[in-house]
Amino acid sequence: MDFIKMLGENTDLSDLLWDVCDVEIFSEFKTPQNECGHLTYNIPGKTFARAGSGSEYILLEDGSIGFWGSEGECGRIADNLKDFFEFIINCPHWTDYLEEAEYQDRERLDEFAKEIFEEHVENAKEIEFDLPKAQQVLLDRLELEKKADVVDILMRFYHCTKGEPGFISTYTENDGSTHSTTGSLFDR
């Protein structure tokens with residue numbers, strides 16, 4: 001399934017993705033953020049989406065998904081587009097799940113993930129938004145599965161962020177000095 005094309009052509013579905021995940025799919029690929037020529041990446045790719053913060057999701061040349069954060073973080077988040085959409089929909093506002101210590105024990109990770117999700121459900125209720133129902137609509141339309149236990153999805157995400165080669169950004173200052181990310185989103 002061509003997830004990007006489907007979401008690009010269906011504004012209602014794309015709007016729902018925005019409401020659930022804070023992710024906007026672009027109608028066409030864009031050049032990744034380069035900070036006026038100061039920012040480069042070790043793996044080429046094309047930006048296909050952005051977050052409300054201005055962060056970008058980049059389809060890398062090997063088919064994996066990279067993330068460049070507006071605060072300078074950079075790394076892979078999924079091995080492919082299917083894993084990406086399954087991850088962001090089952091774990092909305094995924095950056096809230098970036099606590100590496102929680103990934104060292106499956107039971108602890110399960111409890112952690114359930115607490116975060118319940119916070120999001122409660123916050124959504126305050127604005128009269130049914131998050132679980134909206135998630136299910138997205139998953140059904142994209143032919144993905146709702147996972148009651150997201151631990152396997154989170155562990156795939158964790159291993160992807162730690163995989164080699166990492167997705168690394170390098171910022172070059174005007175004086176020629178450089179600053180590079182580690183390639184893992186857990187290194188903040």
Requested in this report: Identify, with sequence neighbours excluded, every residue that meets side chain to side chain contact (heavy atoms under 4.5 Å, CB included) alongside H159.
Outcome: M155
Query raised in the report: Do F84 and W94 make the cut of ring centroids closer than 6.0 angstrom?
Result: no
Query raised in the report: With sequence neighbours left out, what residues match N34 under side chain to side chain contact (heavy atoms under 4.5 Å, CB included)?
Result: none
Query raised in the report: Under a single-linkage definition using a 4.5 Å side-chain heavy-atom cutoff for Ile, Leu, Val, Met, Phe, Trp and Tyr, are L60 and I25 assigned to the same hydrophobic cluster?
Result: no
Without placing hydrogens or testing angles, list every side-chain donor-acceptor pair under 3.5 Å for residues 44-54, not counting sequence neighbours.
from	atom 1	to	atom 2	distance (Å)
T47	OG1	E56	OE1	3.1
R50	NE	E24	OE1	2.8
R50	NH2	E24	OE1	2.9
S53	OG	S55	N	3.3
S53	OG	S55	OG	2.9

Report task. State which residues pass ring-ring contact (aromatic ring centres under 6.0 Å, His included) with F85; sequence neighbours excluded, sorted by chain then number. Result -> F3
Query raised in the report: Taking all non-hydrogen atoms of both residues, which atom of S169 and which atom of L39 are closest, and how far apart?
Result: CB-CD1, 3.8 Å
**Report entry** Validation row: I88, L17 side chains within 4.5 angstrom (heavy atoms)
**Finding:** yes
Report task. Please confirm whether the backbone N or O of E35 pairs with a side-chain atom of Q33, one donor and one acceptor, at under 3.5 Å? Result -> yes
**Report entry** Heavy-atom donor-acceptor pair, Q104 side chain to E100 backbone, under 3.5 Å
**Finding:** yes
Query raised in the report: Tell me the ring-ring contact (aromatic ring centres under 6.0 Å, His included) pairs involving residues 104-127, sequence neighbours left out?
Result: H93-H120
Query - Beyond-backbone contact of L131 with P92, side-chain heavy atoms, under 4.5 angstrom - result: yes
Query raised in the report: So do T178 and E173 actually touch side chain to side chain, heavy atoms under 4.5 Å?
Result: no
Query raised in the report: Under the 3.5 angstrom rule, does the side chain of E73 hit a backbone N or O of L185 as a donor-acceptor pair?
Result: no
Report task. Would you mind telling me which of I77, T161, N42, I65 makes a side-chain contact (heavy atoms from CB on, under 4.5 Å) with F167? Result -> N42
Query raised in the report: Do I43 and Y41 come close enough that some side-chain heavy atom pair is under 4.5 Å?
Result: no
Query - Residues R76 and D62 bridged, charged N to O under 4.0 Å - result: yes
Query raised in the report: Hey, are E28 and K30 close enough for a salt bridge, meaning a charged N less than 4.0 Å from a carboxylate O?
Result: no
Query raised in the report: Of all heavy-atom pairs between L109 and E102, which one has the smallest distance, and what is that distance?
Result: CB-O, 3.2 Å
Query raised in the report: How far does CZ of R141 sit from CD1 of I89, to the nearest 0.5 angstrom?
Result: 11.5 Å
Requested in this report: For T31, enumerate each residue passing the side chain to side chain contact (heavy atoms under 4.5 Å, CB included) test, keeping only those at least two apart in sequence or located in another chain.
Outcome: none
For residues 4-12, tabulate all N or O donor-acceptor pairs below 3.5 Å that involve a side-chain atom, not counting sequence neighbours.
from	atom 1	to	atom 2	distance (Å)
N10	OD1	D12	N	3.2
N10	OD1	L13	N	2.9

**Report entry** Spacing of I116 atom CD1 and L154 atom CG [to the nearest 0.5 Å]
**Finding:** 8.5 Å
**Report entry** Enclosure of E71 CD (heavy-atom neighbours >12, cutoff 6.0 Å)
**Finding:** no
Requested in this report: Mind checking salt bridge (Lys or Arg N to Asp or Glu O under 4.0 Å) for K114 and listing every partner two or more places apart, or none if nothing turns up?
Outcome: D110
Query raised in the report: SG of C91 to NZ of K147: how many Å apart, nearest 0.5 Å?
Result: 11.0 Å
Query - Side-chain donor-acceptor contact under 3.5 Å, Q136 with D140 - result: yes
Query raised in the report: Quick one: side chain to side chain contact (heavy atoms under 4.5 Å, CB included) partners of D130, sequence neighbours excluded?
Result: P132, K133
Requested in this report: Please examine the side chains of P32 and W68, heavy atoms only from C-beta on, and report whether any two atoms are closer than 4.5 Å.
Outcome: no
Query raised in the report: Got L144 and K82 here, is their nearest side-chain heavy-atom distance under 4.5 Å?
Result: yes
Report summary line: Apart from W18 itself, its cluster of hydrophobic side chains linked below 4.5 Å comprises none
Requested in this report: Examine F87 and I58 and state if one hydrophobic cluster contains both, with Ile, Leu, Val, Met, Phe, Trp and Tyr joined whenever side-chain heavy atoms are less than 4.5 Å apart.
Outcome: no
Query raised in the report: Roughly how far apart are E86 CD and K146 NZ, rounded to 0.5 Å?
Result: 10.5 Å
**Report entry** Connected via hydrophobic side-chain network under 4.5 Å: L139 and L16
**Finding:** yes
Query raised in the report: Residues two or more places apart in sequence or in another chain: which of them pass side-chain hydrogen bond (donor to acceptor under 3.5 Å, both in side chains) with T40?
Result: none
Requested in this report: State whether E122 and K125 are salt-bridged, where the test is any N-O pair (Lys NZ or Arg NE/NH1/NH2 against Asp/Glu carboxylate O) under 4.0 Å.
Outcome: yes
Requested in this report: Check whether any side-chain heavy atom of K162 lies under 4.5 Å from a side-chain heavy atom of D187, and answer yes or no.
Outcome: yes
**Report entry** With sequence neighbours excluded, residues passing ring-ring contact (aromatic ring centres under 6.0 Å, His included) with Y103
**Finding:** Y158, F186
Query raised in the report: If we only count heavy atoms from C-beta on, is the I153 to R156 side-chain gap below 4.5 Å?
Result: yes
Report task. Check the hydrophobic clustering (I, L, V, M, F, W, Y; side-chain heavy atoms under 4.5 Å; chains of links allowed) and say if F26 and L81 are grouped together. Result -> no
Requested in this report: Return the minimal non-hydrogen interatomic distance between C74 and T181, and the atom names on each side.
Outcome: CB-OG1, 3.6 Å
